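Side chains included, hydrogens not; waters and symmetry mates left out as well; all remaining heavy atoms used. Quick note on labels: first sequence line is chain A, next is B, and so on, each numbered from 1. Everything numeric here is computed off the predicted structure, so don't read it as measured data.
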2 protein chains.
Amino acid sequence: MRTFDGDETSSSADQLTLRRTNLGLVLRLLRDRGPRSRAKLAAELGMTRSAVSTLVGELEARGLVRIGDLERGAVGRPGTSVQLDGHAVAGLGAEVNVNHVSTMALDLTGEVVSEHKLALDAHAFTVEAVLDRLADLVRQTTADLTRRGIDPIGLTVGVAGLVDRERGWLTFGPNLDWQDVPVHELLRDRLGEAYPITVENEGNLAALAEATPGDRDRQDVLVLFGEVGVGGGIVAEGRPLRGRQGYAGEFGHMIVEPQGRRCGCGRVGCWETVVGLRALLDLAADPDDQVRDPAMAIDERLAELNRRASLGDTRTLDALAQVGGWLGLGAAMLANALNPAAIVLSGYFAAVGEHMRPAIESRLRDGVLAPDAGGTRVELSTLGFTAAVRGGAGLSLDRVFADPTSVERRPVAAGATR
Amino acid sequence: MRTFDGDETSSSADQLTLRRTNLGLVLRLLRDRGPRSRAKLAAELGMTRSAVSTLVGELEARGLVRIGDLERGAVGRPGTSVQLDGHAVAGLGAEVNVNHVSTMALDLTGEVVSEHKLALDAHAFTVEAVLDRLADLVRQTTADLTRRGIDPIGLTVGVAGLVDRERGWLTFGPNLDWQDVPVHELLRDRLGEAYPITVENEGNLAALAEATPGDRDRQDVLVLFGEVGVGGGIVAEGRPLRGRQGYAGEFGHMIVEPQGRRCGCGRVGCWETVVGLRALLDLAADPDDQVRDPAMAIDERLAELNRRASLGDTRTLDALAQVGGWLGLGAAMLANALNPAAIVLSGYFAAVGEHMRPAIESRLRDGVLAPDAGGTRVELSTLGFTAAVRGGAGLSLDRVFADPTSVERRPVAAGATR
DNA sequence: ACCCATTTGTCGTGGCGCAGCACAAACTAG
DNA sequence: CTAGTTTGTGCTGCGCCACGACAAATGGGT
């Protein structure tokens, strides 16, 4: 049984909607299961071959798919493979973080087309100045696209903080020390209206980057992102869980140790006081240790901790086990509440995660009521600090997969082969 | 922009799907916003009046709506009001709990058509015997419907424990002391295949009962259910959040006090050790107090506590404040993670909730990072122990709202007025 | 009492999109 | 080289909604 989704403001469906739906269905099938012939598409979608042919024809006219090689079967006429074509459009992602601003462009096939990053201490600049830099980066990215003849289809901006998506405001960003910033408006002023701009919470975008569309086993994902602060994002049934006001995913301030240490937010016993980067460094090293030297890059400090752990240094191992235990405790609470397929550790958690994993998994197994921890796996992110921009670019692309008619038909190039 | 929802196994959309969608759209609009004329429906859905007319005609032929009174406007021809008709179909809900089995039937308008309950100590019977009793109750309920000429459209069974929805099994039910029970199959054997039977987690159903379809402010709801054990359910964007294996909502075993008391599940410091009914009774009364007498009904014991609290008994008030504080702590953690519009207290929490509310709300405000607790309200459920069956019946009805063509056309009654 | 503006509901026509069917094209097996 | 199989593309038909026209039903003004 199928229905249109009825969550948006109710607006009826007509023939055009039907077309849009089926175009999107074909496009998503090609994304999720790879290139295949029109006949196979028809069989898998339960349509006739003729209907699929016209759909593929329209997608081709919009530059979204192209006809590829022949597909030989056992017997019979070979089919012509249809595959996603990344040369028409790309989705843009951008991020405003405390330490950097960055952008990424993904084409329809998920390939990175362009990537830019600028280290930047957000505290040292005004909001306007930071967004100026970000806009510069976005312009560089779109210039890369223009050079290749690719159209930017949308920009999704991830910011560290609480986002009001409807207005496109960052309402509360304690780490950036921003408050009530109309990010959407400020960026539109700088970048124009050539493509839609969406503002999202960084954690949600990172979580989306870890979820894989179409893969049933990667539709319910929880991302835990550790730096000095701890945040995250939730993807449930393939969709970001934002909550009523878009504030979901603020895991760092769950209170896990009521008699514990004071947190930067003013409360006592927040989860990030025991699993944040500072907690690990406090446990693993004396104040004069090099790994606590602010002048040293965080990556290098984490590498040094990994080196010590690999050499069997007990203090380091104990510290990692202790933080891992706390991490596992919180992970277990979230797993009891949400039963995700995977909890993905990102940020510094990923960097030293291999050594924390035993402690985390043991606490998770012990702490989750469902047998076998409800099937929740612990994974280390491989996306590093690009998770949010990647998720943003992916979210921008979703518009095309939901409605391929949002991409214009291209002029009929007479015998154009490339 | 609209699309078909693409989460189910991909299957393409045709004209019939289009019709189904628009029929459902009309039906849901009538449910969510009440009776209105065809012309108003057309304006709100962005369709033509003629299209709406045929849709309403078809819904009428299926007995789902009926033509009501005239609707006078300021000027012009008055419209005829179209409204949901509850006389054709009803959704069934059922529940297997430790202390009772129960059923409920809701008609399309949400009215209770039939309700049955049987007190029953599940531990004293075999699985088969308990389901025999439940099946009896369901048969009584459908008999009530048949007497009125109403068709049962589906049955949703809520069970206390972890449910594998695809197979319809209760995989793990510690409170019932059931394990790997093929509930779906056992009930189908007893009730036949006249209507589809679905098995769901009790907490999810209770949460669905608290959420209101169509109301934007009641689409993200968290239900906390307190008895001896503590459970709950999550509704996000109007849909139950079940997690990868359907185990989401097991809040009672989140570990909040690592050095605390041992829980019935074998772990230490589970939330239910500090907010479960036993914790409240331990704090509020000496062992020989009447409110701890197992012979006394729980409702009466709670009423006695409420009475003492209202009279200003400090020990009772302190106990409620302390449990309320722990309740608020857990609520804050969940609110940080999920940012619901409302946290609904159910079970015994609702019974004594008025006296715990100040403590809960204070902890919630303090413990949630988002300003003003992210807009999360604390509410007391008024549904009592019927929440799960009501949610189940509502979920059964959802099939009709999603696809009205699943209800058969009725024979054309020649001028049958009644 | 009558006319007019306004709104409602219905009917007929047209366009669009998919299903069903027929058919040519392209291949394998023997 | 033929038979059998599979693929992709026309063509026709049907269902559904948009659009426009029209009759029906009302209130307000004269």
Side-chain angles (χ1 to χ4, degrees), chain A residues 2-4 10-26 35-61 65-83 403-405 409, chain B residues 2-4 10-26 35-61 65-83 403-405 409:
Chain A
R2 336 207 70 252
T3 62
F4 286 100
S10 53
S11 148
S12 76
D14 57 3
Q15 311 280 91
L16 208 85
T17 319
L18 192 61
R19 200 73 207 270
R20 272 202 281 258
T21 303
N22 285 335
L23 287 171
L25 224 43
V26 169
R36 56 202 56 225
S37 70
R38 296 172 178 86
K40 283 212 185 88
L41 284 169
E44 290 174 277
L45 290 170
M47 312 183 71
T48 58
R49 293 196 303 273
S50 60
V52 170
S53 267
T54 62
L55 290 171
V56 168
E58 183 163 347
L59 291 173
E60 202 185 353
V65 304
R66 60 193 172 85
I67 307 303
D69 303 331
L70 258 57
E71 233 177 35
R72 306 204 119 73
V75 294
R77 173 177 168 178
T80 51
S81 171
V82 181
Q83 58 183 279
D403 175 17
T405 64
R409 294 182 92 95
Chain B
R2 333 208 72 253
T3 63
F4 286 101
S10 51
S11 148
S12 76
D14 56 4
Q15 312 279 91
L16 208 86
T17 318
L18 191 62
R19 199 73 208 271
R20 272 201 281 258
T21 303
N22 284 335
L23 287 171
L25 225 44
V26 169
R36 58 203 53 227
S37 70
R38 295 173 179 85
K40 281 212 187 87
L41 283 168
E44 290 174 277
L45 290 169
M47 311 182 74
T48 57
R49 293 195 305 274
S50 59
V52 169
S53 268
T54 63
L55 290 171
V56 167
E58 182 163 349
L59 291 173
E60 203 184 354
V65 304
R66 60 193 174 86
I67 307 303
D69 304 331
L70 257 59
E71 233 177 34
R72 304 204 122 71
V75 294
R77 172 178 168 179
T80 52
S81 171
V82 180
Q83 58 184 280
D403 174 17
T405 64
R409 295 182 90 96

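- Rounded to whole Å, the distance from CZ on B/R36 to P on C/dT7 is 18 Å.
- Looking at which nucleotide of DNA chain D each of B/L16 and A/R49 is closest to, the 5′-most match is held by A/R49.
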(message) Using side chain to side chain contact (heavy atoms under 4.5 Å, CB included), reason through A/E44 and A/L25 one step at a time and then give a plain yes or no.
(response) CA-CA 11 Å; A/E44 290 174 277; A/L25 224 43; over 6 Å; no

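- How far NZ of A/K40 is from CZ of A/R49: 13.0 Å, rounded to the nearest 0.5 Å.
- As a whole-Å value, the separation of A/E44 CD from D/dT7 P is 12 Å.
- Atoms CD (A/E71) and P (C/dA25) sit 22 Å apart, rounded to a whole Å.
- If you check C/dA19, C/dG12, D/dG27 against the side chain of B/S50, the one that comes closest is C/dG12.
- Atoms CG (A/L18) and P (C/dG15) sit 19 Å apart, rounded to a whole Å.
- Taking atom CZ of B/R20 as the reference point, atom C1' of D/dG15 lies 13 Å away to the nearest angstrom.
- OP1 or OP2 of C/dC18 has at least one side-chain nitrogen or oxygen of A/N22 nearer than 4.0 Å.
- Between the side chain of A/R77 and the base of D/dT6, no donor-acceptor pair under 3.5 Å is found.
- Within the 4.5 Å cutoff, no side-chain heavy atoms of B/L45 are placed close to those of B/N22.
- The distance from atom CG of A/D69 to atom P of C/dC27 is 13 Å, rounded to the nearest whole Å.
- The side chain of B/A39 sits closest to C/dT8 out of D/dC17, C/dT8, D/dG8.
- Distances shorter than 4.0 Å separate none of the side-chain N or O atoms of B/S53 from OP1 or OP2 on C/dG9.
- Between the CG atom of B/L55 and the P atom of D/dC16 there is a distance of 9 Å, given to the nearest Å.
- Comparing C/dC18, C/dG9, D/dG20 by their closest approach to the side chain of A/A51 singles out C/dC18.
- Among the atoms of the strands shown, only primed sugar atoms or phosphate atoms (P, OP1, OP2) are found under 4.0 Å from some heavy atom of B/R19.
- Checking A/K40 against A/Q15, the closest nucleotide of DNA chain D that is more toward the 5' end is the one next to A/K40.
- Here the straight-line distance linking atom CZ of B/R20 with atom CG of B/D403 works out to 4.5 Å at 0.5 Å rounding.
- DNA chain C is contacted by both A/P78 and A/T48; A/T48 maps to the nucleotide lying nearer its 5′ end (nearest heavy atom per residue).
- Nearest nucleotide to the B/V75 side chain, out of C/dG12, C/dT6, D/dT26: C/dT6.
- With rounding to whole Å, B/R72 atom CZ is found 13 Å from C/dT8 atom P.
- No side-chain heavy atom of A/V82 sits less than 4.5 Å from a side-chain heavy atom of A/E60.
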